[in-house]
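Here is the structure we will look at, set down as structure tokens.
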Amino acid sequence: MVEGAKRNHKKAVYFLREGMARIHEKNAKEEAKTQEHMERRMQAVLSLKNSITSNREKLQALQAWNQAMAKKQEMTMREAILAEGGNVAKELFIHKRLLQHEKEKQALLEQQKSRKIEIVSKILQEKASILKQKNQQSRTKAIKRGGKFKDSSLWRKRTWRYIEKTCKDPAEELPQRSQCSPSVCSPAAERAASVGESSEDVPHEVLCEGDEDEERDKIPAEPELPELPSQECDLHKTSQEEMDTEHLATGTMKTEILEEEKEEFQTTIFNKGTVSGHEQGRTFYSKPSCIHFKDFDVGKIYKKKIVLINASYGINCCKPVGISTWMKDFITIQFDPPGKMPPGMSCEVGVIFKPVINEDLEGEIWFMAQTGSFSVPLKCTAKTCILALDTVLVDFGTHVVGETISRTVNLTNTGALGTRFKVQTSAGNSSRCGTTAESSTTTTVTQPSNDSAPEPSSDSAPEKKDSNSPVTSVLEKEERICPDGSEEPTCCEAQEEQQRTETCSTEQLAQDADNFSPDKDTDNTHDSTKPSPEETPIEIKLGKVTEGEIGPFSSVKLQIIFMPTIPGDVRAEFVIVFDNSDCKPLYFSAIGVSIDVPVWVPNPNIDLKICMYDRLYQDCIDIRSRAKTTLYLKFEVCKELSKHMKLLPRTGYIQPQSSFSVHLKFLPRRSLPEDAGSCFNEETSVLEAPVTIQIADNAKQINLTVHAVVTTSDLEISPAEINFGYCTIYEAVRTNITLTNKSILPQEFGFVRLPEFVEVQPNDGFGILLPLESLTLDVIFKANKAKEYSFELTCKSEANRQFKLSCRAVGVHPPLELSHSLVQFAATALNDVSTATLYVMNSHVSANFFTHAVPRIGNGEVAPVGPTSFEFCVPEDCPVTIMPSVGTVLPGKKSSIQVSFRPTLSDQLIREEAAQRLCEAAATEAEIQEEKIDEKKERRKSNVSVSRKQSSKQVVRTESIKRLSTSDIPEKPESKPEPKEIKPDSEVYIAAQAFLTRNFRGRFEKYIIPCFVASGDIDEKRGLESLSFSPYNTLYLELHCPAVAPSVVVTSDNGKNSIDFGDVAIGHTILKQTTIQNICPEKLELQFSVLNPSGPFLLVRPVRMLEPGEIKTFIISFAPNESKLFFEMLDIQTVKNNLPLRITGYGVTASTICSVEEVLDMGYILTGEKATSTFEVQNTSMVTLQYSIHLDSFSSTRDKDLQRVPSFLMSSLQGVETAGIENHHGLSVFSVDPTEGEILAGESQEFTVTFSPEHESPYYSKCLKVVLFRKKTAHVIQLKGAASDHPMYVEGGIPLDVPIESLAVTLPPSSKTAQKEELQKSVKSILLLLEHKEGEDGLQPAVTELKVGVIQTTQAASKKGVEFSFDNLSQLQKKGFTIEPVKGKVDRGHVKCISVCWVPPADFDASAPLVETAFLNLKGNIKQSYQILFVATVVSAPTC
């Protein structure tokens, strides 16, 4: 068991390994396949990328070529207009407008086509819905049709009974049918009508197929009359007389039935139909106008549909009411009444034709409408044979006896019926029997109808043809005109089918040729050519094909052979007869001339084509002999051409019945026109040289003619000499020459052995000239050193002729040179700039011309070594800038030059577009004014018509109307604005510039900038005379400047590419939005150039992506930090081009004047009342200022400032506290209105300050700041105020209490009222400090003052004044104090000043201050006392 398990385990491991190996192998294969697939995809992607790149390059090249061609065409047009003396801008503008008009016209046509297609689709949908409604009503209509079929079957049985009865009686002469079709369409109308017909040719044993209504009304395959097939067979077997009898009987029966039907039909019409009096012409039109069943076969069924269109002006309806009686057995009408039809609507009528006799029929289908009756012509034509010959005379010309010549005659059948033919000779000469066949273009033979006149006998035929043979074609054409004036349609149809059947003619000829055996050919030949008793040989005879079958719409080629045996004229007559008795015989003849010469030339006219002078042309003349002896021949050329033409040998013997070759040599000399005489035509250069072959012992000679057109091989070079003038070694001079081919043969040419400094283009001077063609070539000369050049150019032609061209030039080596003579700028968008850098180098450091080339003009003097100056002269209208344009270069040095290309729109073009816009606007406004004037005139006319009823006011109103009408006459339109009068900063100019920029299609311009060179330093000559220079040392810089339309344009600010912030105050920031649009059809990724990080401009919100046609906005800010003009360029970079934006702004310093300088004191007011005061701030700068008012109480740092040490505890050097007492309820003591806004330039703003204290305090104070642009503080004003509970107050001296808010807890209102009486009794202290200065005059006392005031209030209790008085004055007077006044009275609203003076007494001790106390008592509505502390000191006066 264990061993078995081990074996099984080994097997399992083995199979597992095998399976894993297969899996790994499979995975490896899949991975390899995947890798290969990925490589193929990568290759495909790379190839696609390469193809896209190449296609893009090709497209760019094609676009550049198209632009160059357009530019070239425009330049050509400009030159043509300038040559004519016209206005270039006007003509180009008109041309562009015409092109734009054509594009709009094409777009309108396309739009009309699309609209027509939509209308047709809607009509088809409506037609389908109508057809569906018809299908739903099919069953009810089928029942009605059953009744119609029964009636028609009764008519058929009745007709056949009459035919059988008539055929049994003996044949009598009955008149032909007298009734003709009232309307027969012409062949042209049939062809036009065939477009709308839809006919079907259905076999007798196959049912008709069609739409659902056609399947429902399907016609049975078997004929409705069972006895008809047998009768039809009998009719074919009967003789011609019986057929004529039957037709005559049928015609009699039809005439009788027609008369009955007419009476019945007319009765029906006049009883039921009424004709409207206002309807004119036909009310219904049929499309096609004639129903024509062509080339029908008996036993088949044919269908056609016609469309009846209501052409009347009202709603109408129609229905079929009858058909020609003789056609009722063969024609069935299918018609579903559509009901009432509006004007322009149509309905369909189906016509089914079931032919049972092979006979042409004509008739009409009658319809009845509400406005009267109308009919549609109906024609049925059987198959006919229309036979014609392409020629009636075969002319073989003149030939030598023994030759064999063959010609062919084409017999064409353009009819739908085939027949057998037989060609045989006709007896007699030109007066032959039968009908003479004419050309197929004029003569045709048609199969007549059965009712036509019988064919004339053969005896009378010759007389008829002899009598009118000169006008045979005309008479035969007139015979095929219908009785009513219309031509037989088969003639036109034969011409239409002739081209279609030409391809079948060759196959038919081969088949007919195979059908004839040699025995039959021999028999036919014996029959057609009856030899005379003298056994005259037949020289003109027929080929193999003499009889056969010619099918419908096919042709047969008949061969005629001419074998001359006897000299003289030969003529043969042939006739073609046909099995079809309705086809008349066709005649044609053949003529030829035979001559008998023992020696003859197969080609008597030798054409040497076109020959050149002084070139040898050779040919061989083959001479043949039919003689049985050796003949001596002599070859002669006319004496006039003996110098130019030779025959070698001049004499020779030709063996019997063999050939001889003569060598012809033709070498035309220049004297050929003079020597040849009449053989040469100088106008056409055609030579006709007669050559004769004289046979010994024979008077006849063989004449040959050598034809040739002789032309020259000259090439003319114009001008014959070229002078290139002075040319520097750094440039190439190009001039044009014209090379003309004087020959009428094309000639190859080439300029060979050219010097290394000369080049001829195009194709390096090689090419081919067509006959009499002139070609313009460019000869380019590039001097390699300074010297005088004189050389010749050699042009060699194909005829190994050489033509010389003399050339002269002077080489110039300028003192300076340019590092690049050609600068090709990249495609630059409008208003963008492309820059290139090049150098002006001075390499002239030595005048030794033995060691190196030195600057000189030709072989002249060497230029001096030293500083050399240059100057670039840029044209005025050139969009190129060169910096610097003037400079000096020292020997061995170089100067850097920067060339910038900035394409812009032409100012003249912009002005013209702006003038055009103004004209259009003026025209539109004039039209509006005219419309308004017309409306006014109409209203006045209506008023006048009303006023005319009042006779008393008629004259007055007429005069007023005349005055008004003269005043309303529109003024003459102003003259067209001149483009020069339009200002560049006007809106119309900017709008025109934006329009032209959007519609710019690109241009390519090439400029050549001259650089004049002069020896010397330009700086030394500044202010003096200019440096002398030679124009031959001028350098030229060629610039290729392609301008393209910009990818991105600015749409804001009328499309200006500049952003002007104007004047902005320092510290203020202004944002401006600029809108850009992508006008290219591609998605663009935008990048912006970096602005100056330290500058005032900042790109706030850039745009990164623009979809085609998308418009986005980006923002730029301007924050000036100093007073000056700022300027920067911002480039919007795309893959194709850049859009430069010019950003400007001016920083302005803000300046203002305030009416209050530092402190605004509100004074004393009663507690709880309000006081207001105003101050004014004036803006003296040139910009609008934004301001805001800041108070300390609303400052964010107010809590932090309150934590500082109070001012009374600080030294005076640490500052003064500006914050004072606040209201207890949190409301601000001071308020200002307005708090923010703008002050326009040069204007003022008034501010109102309101003081509203809540409790008594003399220390109310706030700091007010006027801040501009929320950054700069322009003014700081200290607001002060005092509040008192009573109208009286005292101020002055030094306060002894704390002037800031107390940190103590505020007492509640109840405690305040309790202490009010205590406060009234309390005494306030005031300190008066008097300082007396030593050294001064003792009479000058120390002075100070106190103020006692009464507040102006509206309270009734405080209307009386206040009295004041001092106590303890005696003690003060002893100490030297003087008070004036001691007591007094102060009225309400006034202030009283009390002066206090102090003079030190004699016993005053200056070492200690003098302190005295007095009381000041105030008496008003209450009593108050103030303790006045007088402190007097003596201080020393300062020394100088």
Side-chain angles (χ1 to χ4, degrees), residues 123 126-127 129-131 133-134 137-138 140-141 144-145 147-148 151-152 179-186 189-190 192-193 195-198 213 217 257-292 303-328 331-353 362-379 484:
I123 292 174
E126 294 177 357
K127 187 176 180 181
S129 62
I130 293 172
L131 185 62
Q133 293 177 1
K134 289 181 179 180
Q137 301 173 0
S138 60
T140 56
K141 294 180 180 179
K144 297 180 181 180
R145 291 195 186 98
K148 293 181 181 180
D151 296 338
S152 61
Q179 296 294 332
C180 296
S181 177
S183 174
V184 180
C185 63
S186 64
E190 292 174 5
V195 178
E197 296 178 0
S198 57
D213 55 344
D217 301 333
I257 296 174
L258 178 62
E259 293 177 355
E260 297 175 0
E261 290 293 328
K262 271 195 172 183
E263 294 177 0
E264 182 182 354
F265 182 64
Q266 291 176 359
T267 305
T268 306
I269 291 175
F270 290 107
N271 291 338
K272 296 183 179 180
T274 56
V275 180
S276 177
H278 65 275
E279 295 287 341
Q280 297 180 1
R282 298 186 61 179
T283 56
F284 277 87
Y285 285 93
S286 171
K287 186 177 181 182
S289 59
C290 179
I291 308 170
H292 190 187
K303 284 187 177 182
K304 284 184 180 290
K305 285 186 179 181
I306 63 172
V307 179
L308 298 179
I309 303 172
N310 181 12
S312 63
Y313 295 99
I315 298 175
N316 208 337
C317 63
C318 67
K319 67 176 180 178
V321 294
I323 191 171
S324 298
T325 309
W326 54 86
M327 303 186 73
K328 286 187 176 180
I331 300 297
T332 305
I333 299 176
Q334 291 183 350
F335 180 73
D336 293 335
K340 295 184 178 180
M341 293 186 295
M345 297 302 292
S346 63
C347 64
E348 290 185 353
V349 179
V351 181
I352 302 174
F353 175 47
E362 292 185 8
E364 292 177 326
I365 300 175
W366 291 90
F367 294 86
M368 172 58 67
Q370 290 182 355
T371 54
S373 63
F374 64 94
S375 63
V376 178
L378 178 62
K379 181 186 291 186
D484 56 351

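For the atom pair CD1 of Ile333 and NZ of Lys319, the computed distance is 13.0 Å after rounding to the nearest 0.5 Å. To the nearest 0.5 Å, atoms CD1 (Ile306) and NZ (Lys287) are separated by 13.0 Å. Between Lys379 atom NZ and Met327 atom CE the span is 11.0 Å, to the nearest 0.5 Å. Within the model, atoms CE of Met345 and SG of Cys317 stand 14.5 Å from one another, a figure rounded to the nearest 0.5 Å. Interatomic distance, Ile323 CD1 to Lys328 NZ, rounded to the nearest 0.5 Å: 8.0 Å. Between atom CG of residue Leu308 and atom OH of residue Tyr285 there is a gap of 13.0 Å, rounded to the nearest 0.5 Å.
The two residues Pro288 and Lys305 make their nearest non-hydrogen contact at CD-O, 4.1 Å. The nearest pair of heavy atoms linking Met368 to Ser373 is CE-CB, 4.2 Å. Here the shortest heavy-atom pairing between Gly344 and Ile309 reads O-CG2, 4.1 Å. Shown here for Ser289 and Val376, the closest heavy-atom pair between the two residues is O-CG1, 4.0 Å.
Residues passing the side-chain hydrogen bond (donor to acceptor under 3.5 Å, both in side chains) test with Lys340: none are found, sequence neighbours excluded.
The closest donor-acceptor contact from the side chain of Asn310 to the backbone of Pro342 lies under 3.5 Å. A donor-acceptor contact shorter than 3.5 Å is absent between the side chain of Ser324 and the backbone of Trp326.
Contact of the Ile352 side chain with the Lys303 side chain is registered, since non-hydrogen atoms from C-beta on lie closer than 4.5 Å.
In this pair, Phe374 and Phe284 present their aromatic rings parallel. The plane angle is below 30°, not in the 30 to 60° band.
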